[in-house]
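Keep in mind that the numbers below use all heavy atoms, side chains included, and drop hydrogens, waters and symmetry copies. For reference, positions follow the sequence shown, starting with 1.
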Amino acid sequence: YMADVSREVRLALKEGKNVLFQGSQGTMLDITFGNYPKVTSSHPLPAGVFTSVGIGPMNMEAIGLVKAYLTKVGSGPVPTCLDAGKWPVEEDKSHEIAIKVRKEGAEYGATTKRARRVAWQDLVILKYSCELAGFTQLAITKLDTLAGIHPLKLCVAYELDEKEITEYPSWDLDKLWKAKPKYIEVDGFELEDFKKAKSFDELPKGAKDYILAIEKYAGVPITLISTSPKREDILFREFKGF
């Protein structure tokens, strides 16, 4: 109502200015390529910028924001779930790791205060998300929340109908309910050692191995690592600036 935003952005781009677009929602909530019908009403993918803002297709840096572990609000299949697949969450049936991560990561709805489901990081989903969204960089948050957990697990495939699959069938909820995760394990790390790090190279070995395993499987460089809830506590790793 205050201005023609599309025109302002187009003019800024013509003048060679840098423009930052910020999206919300996750890739698996995309109305076409997400876990339909457990989706939102639009396209939260980076490509949605063009039609939503009203600019033509162009090359851009697309930074995917990823928690060090996986969470979900609402019902639907989560193969790596640590909450016994329950929604709403029943903490008496949850794994102790889910309870720890939920508490230390403040994984409760901002409005409803309902407990979010917690799961091991699922690299099958992450790889699909990266390919779908065209991410050029990844930012990992809440890695500190995993401190003190030994070992850390990463899902790299599913067992489905006695076959191993690595492609994520986002549209087939029946298959996802039946999918059994296959994990690799990485040594954990302690919070005291983690907090001392001022660069990626100074992180404890377990934290570095965890980051490198995610990066290798996703096929996208991890260039930002959040080490605490404070906005200034970020490790930059070959970050491509704007």
TODO: Would you please say whether a donor-acceptor pair under 3.5 Å links the side chains of Glu107 and Tyr69?
DONE: yes
Task: Working for salt bridge (Lys or Arg N to Asp or Glu O under 4.0 Å), residues Glu232 and Lys230 - done: CA-CA 5 Å; Glu232 64 269 19; Lys230 297 179 181 178; 5.0 Å; no
With heavy-atom distances below 4.5 Å as the criterion, would you say the side chains of [X] and [Y] are in contact?
| X | Y | answer |
| --- | --- | --- |
| Glu215 | Leu138 | no |
| Thr51 | His43 | no |
| Pro46 | Met60 | yes |
| Asp122 | Pro181 | no |
| Phe239 | Glu61 | no |
| Val156 | Tyr217 | yes |

Check: [Y] main-chain N/O paired with [X] side-chain donor or acceptor under 3.5 Å:
| X | Y | result |
| --- | --- | --- |
| Thr227 | Asp233 | yes |
| Arg237 | Ile222 | yes |
| Gln137 | Lys240 | yes |
| Thr136 | Ala62 | yes |
| Tyr183 | Trp120 | no |
| Asp83 | Val118 | yes |
| Glu185 | His150 | no |
| Asp30 | Phe33 | yes |
| Ser226 | Ile140 | no |
| Arg102 | Tyr108 | no |

Open item on the list: side chain to side chain contact (heavy atoms under 4.5 Å, CB included), that's the test. Do Val66 and Gln121 meet it? Break it down for me.
Closed with: CA-CA 10 Å; Val66 186; Gln121 181 59 266; 3.7 Å; yes
Identify the two heavy atoms, one from [X] and one from [Y], that lie closest to each other, and give their separation to 0.1 Å.
| X | Y | answer |
| --- | --- | --- |
| Phe135 | Ile63 | CD2-C, 4.0 Å |
| Lys198 | Glu202 | N-OE1, 2.8 Å |
| Val73 | Arg114 | CG1-NH2, 4.4 Å |
| Gly105 | Thr145 | N-CG2, 3.7 Å |
| Ser6 | Gly54 | OG-O, 2.8 Å |
| Ala3 | Glu8 | CB-OE2, 3.5 Å |

Say whether [X] and [Y] are linked into one hydrophobic cluster, either directly or through other cluster members, by side-chain heavy-atom distances under 4.5 angstrom.
| X | Y | result |
| --- | --- | --- |
| Val220 | Leu235 | yes |
| Met28 | Trp171 | no |
| Ile99 | Leu146 | no |
| Val19 | Val5 | yes |
| Val9 | Met58 | yes |

- [ ] Apply side chain to side chain contact (heavy atoms under 4.5 Å, CB included) to Tyr210 and Leu203, showing your working.
- [x] CA-CA 11 Å; Tyr210 192 76; Leu203 286 172; over 6 Å; no
Task: Contacts of Glu162 that satisfy salt bridge (Lys or Arg N to Asp or Glu O under 4.0 Å) - sequence neighbours left out - done: none
Open item on the list: Tell me every residue that passes salt bridge (Lys or Arg N to Asp or Glu O under 4.0 Å) with Lys175, counting only those two or more places apart in sequence or in another chain.
Closed with: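 By the salt bridge (Lys or Arg N to Asp or Glu O under 4.0 Å) rule, Lys175 matches no residue at all.
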Open item on the list: The test is side chain to side chain contact (heavy atoms under 4.5 Å, CB included); show your working for Lys153 and Thr80 and say whether it passes.
Closed with: CA-CA 10 Å; Lys153 293 185 178 183; Thr80 61; over 6 Å; no
Can you tell me how far the [atom1] atom of [X] sits from the [atom2] atom of [Y], to the nearest 0.5 Å?
| X | Y | atom1 | atom2 | result |
| --- | --- | --- | --- | --- |
| Asp193 | Leu191 | CG | CG | 9.0 Å |
| Ile165 | Leu160 | CD1 | CG | 5.0 Å |
| Leu82 | Glu96 | CG | CD | 10.5 Å |

- [ ] For the pair Phe189 and Asp209, evaluate side chain to side chain contact (heavy atoms under 4.5 Å, CB included) and give the outcome as yes or no after the intermediate values.
- [x] CA-CA 10 Å; Phe189 55 92; Asp209 288 347; over 6 Å; no
Open item on the list: Can you tell me if Asn59 has over 12 outside heavy atoms packed within less than 6.0 Å of its CG?
Closed with: no
TODO: Please check if atom CZ in Phe200 has more than 12 non-hydrogen atoms from other residues, nucleotides or ligands closer than 6.0 Å.
DONE: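 More than 12 heavy atoms, drawn from other residues, nucleotides or ligands, come within 6.0 Å of this atom.
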Task: Mutual orientation of the aromatic rings belonging to Tyr168 and Tyr128 [parallel < 30°, tilted 30-60°, perpendicular > 60°] - done: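 The arrangement is tilted - the two ring planes meet at 30° to 60°.
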Task: side chain to side chain contact (heavy atoms under 4.5 Å, CB included) partner of Ser170, chosen from Val39, Asn35, Ile125, Leu132 - done: Asn35
